[in-house]
Amino acid sequence: MSIRPFEILLADPQGFLRHGVTVDLHPKHDRRTTPVEDIDGEWARRTVQNPALFNGAKFRLSSLRLLPSPAQEPVLEIGLGITDYRSLIGTNLSPAWRDILHS
């Protein structure tokens with residue numbers, strides 16, 4: 001198994017206080033439609049390799065935004081949607097993830 005590169009999405013050495021973070025949970029942040037056969041194929045391969053895998057609902061990180069506020073500190077807004085584990089595996093872990101992302 002190879003380690004894939006990652007990207008740091010947000011770094012703030014001071015962190016954020018609870019009142020400085022909001023969550024926008026909305027269907028506009030749900031995953032874009034991906035052909036089901038792409039997801040099904042990758043899911044089938046993964047469940048053969050690991051029969052203990054099962055599908056379930058999960059949050060999907062869509063966006064991070066720093067919003068201005070009346071106070072000096074910006075407010076972090078986290079955009080979340082709903083997806084499922086099967087869709088995550090079938091898209092993000094697919095060998096063709098770049099094609100799926102740009103379709």
Side-chain angles (χ1 to χ4, degrees):
M1 179 176 183
S2 63
I3 297 175
R4 298 180 184 196
F6 64 92
E7 179 180 346
I8 296 174
L9 301 176
L10 179 70
D12 186 327
Q14 297 176 355
F16 292 90
L17 298 175
R18 182 174 285 176
H19 68 270
V21 179
T22 64
V23 174
D24 180 22
L25 178 60
H26 193 276
K28 69 183 177 189
H29 298 298
D30 292 352
R31 75 171 178 83
R32 291 188 349 226
T33 304
T34 302
V36 174
E37 52 274 0
D38 292 344
I39 293 172
D40 287 344
E42 187 62 27
W43 181 252
R45 282 189 287 284
R46 297 288 177 146
T47 54
V48 165
Q49 293 171 352
N50 183 356
L53 285 180
F54 63 94
N55 194 21
K58 63 185 291 5
F59 291 112
R60 174 187 180 276
L61 176 62
S62 173
S63 63
L64 296 172
R65 295 187 329 156
L66 290 175
L67 306 174
S69 73
Q72 294 294 337
E73 301 127 10
V75 172
L76 173 62
E77 179 188 80
I78 303 171
L80 294 178
I82 302 291
T83 188
D84 58 49
Y85 193 63
R86 180 181 149 277
S87 296
L88 172 78
I89 295 293
T91 55
N92 293 30
L93 298 182
S94 169
W97 68 269
R98 282 187 177 95
D99 297 332
I100 294 168
L101 179 66
H102 298 294
S103 63

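Quantities reported herein were computed from a predicted structural model and do not represent experimental measurements.
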Show which side-chain atoms of residues 17-27 pair as donor or acceptor with protein atoms under 3.5 Å away, not counting sequence neighbours.
| residue | atom | partner | partner atom | Å |
| --- | --- | --- | --- | --- |
| D24 | OD2 | K28 | NZ | 3.3 |
| D24 | OD2 | H29 | NE2 | 3.0 |
| H26 | ND1 | K28 | N | 2.9 |

(request) Looking only at non-hydrogen atoms, find the nearest pair between E77 and L67 and report the distance. (result) CB-CD1, 3.7 Å
(message) When you group the ILVMFWY residues by side-chain heavy-atom contacts below 4.5 Å and let the links chain together, are I82 and L64 in the same group?
(response) yes
(message) Rounded at 0.5 Å granularity, tell me how far CD1 in I89 sits from CZ in R46.
(response) 6.0 Å
(request) Let me see the working for I78 and F59 under side chain to side chain contact (heavy atoms under 4.5 Å, CB included), right down to the final yes or no. (result) CA-CA 11 Å; I78 303 171; F59 291 112; over 6 Å; no
(request) Measure the shortest side-chain to side-chain distance between L61 and L9 over non-hydrogen atoms and say whether it is less than 4.5 angstrom. (result) yes
(request) Verify, without hydrogens or angle tests, whether D84 (side chain) and N55 (backbone) share a donor-acceptor contact under 3.5 angstrom. (result) no
(message) Between L80 and L66, is there shared hydrophobic-cluster membership here, with clusters defined by ILVMFWY side-chain heavy atoms closer than 4.5 Å?
(response) yes
(request) For atom CZ of F16, decide whether the heavy atoms of other residues, nucleotides or ligands shown that lie under 6.0 angstrom number more than 12. (result) yes
(request) Output the distance between atom CG (N50) and atom CZ (R45), rounded to the nearest 0.5 Å. (result) 15.0 Å
(request) Give the minimum heavy-atom separation between D30 and G81, together with the two atoms involved. (result) OD1-CA, 3.2 Å
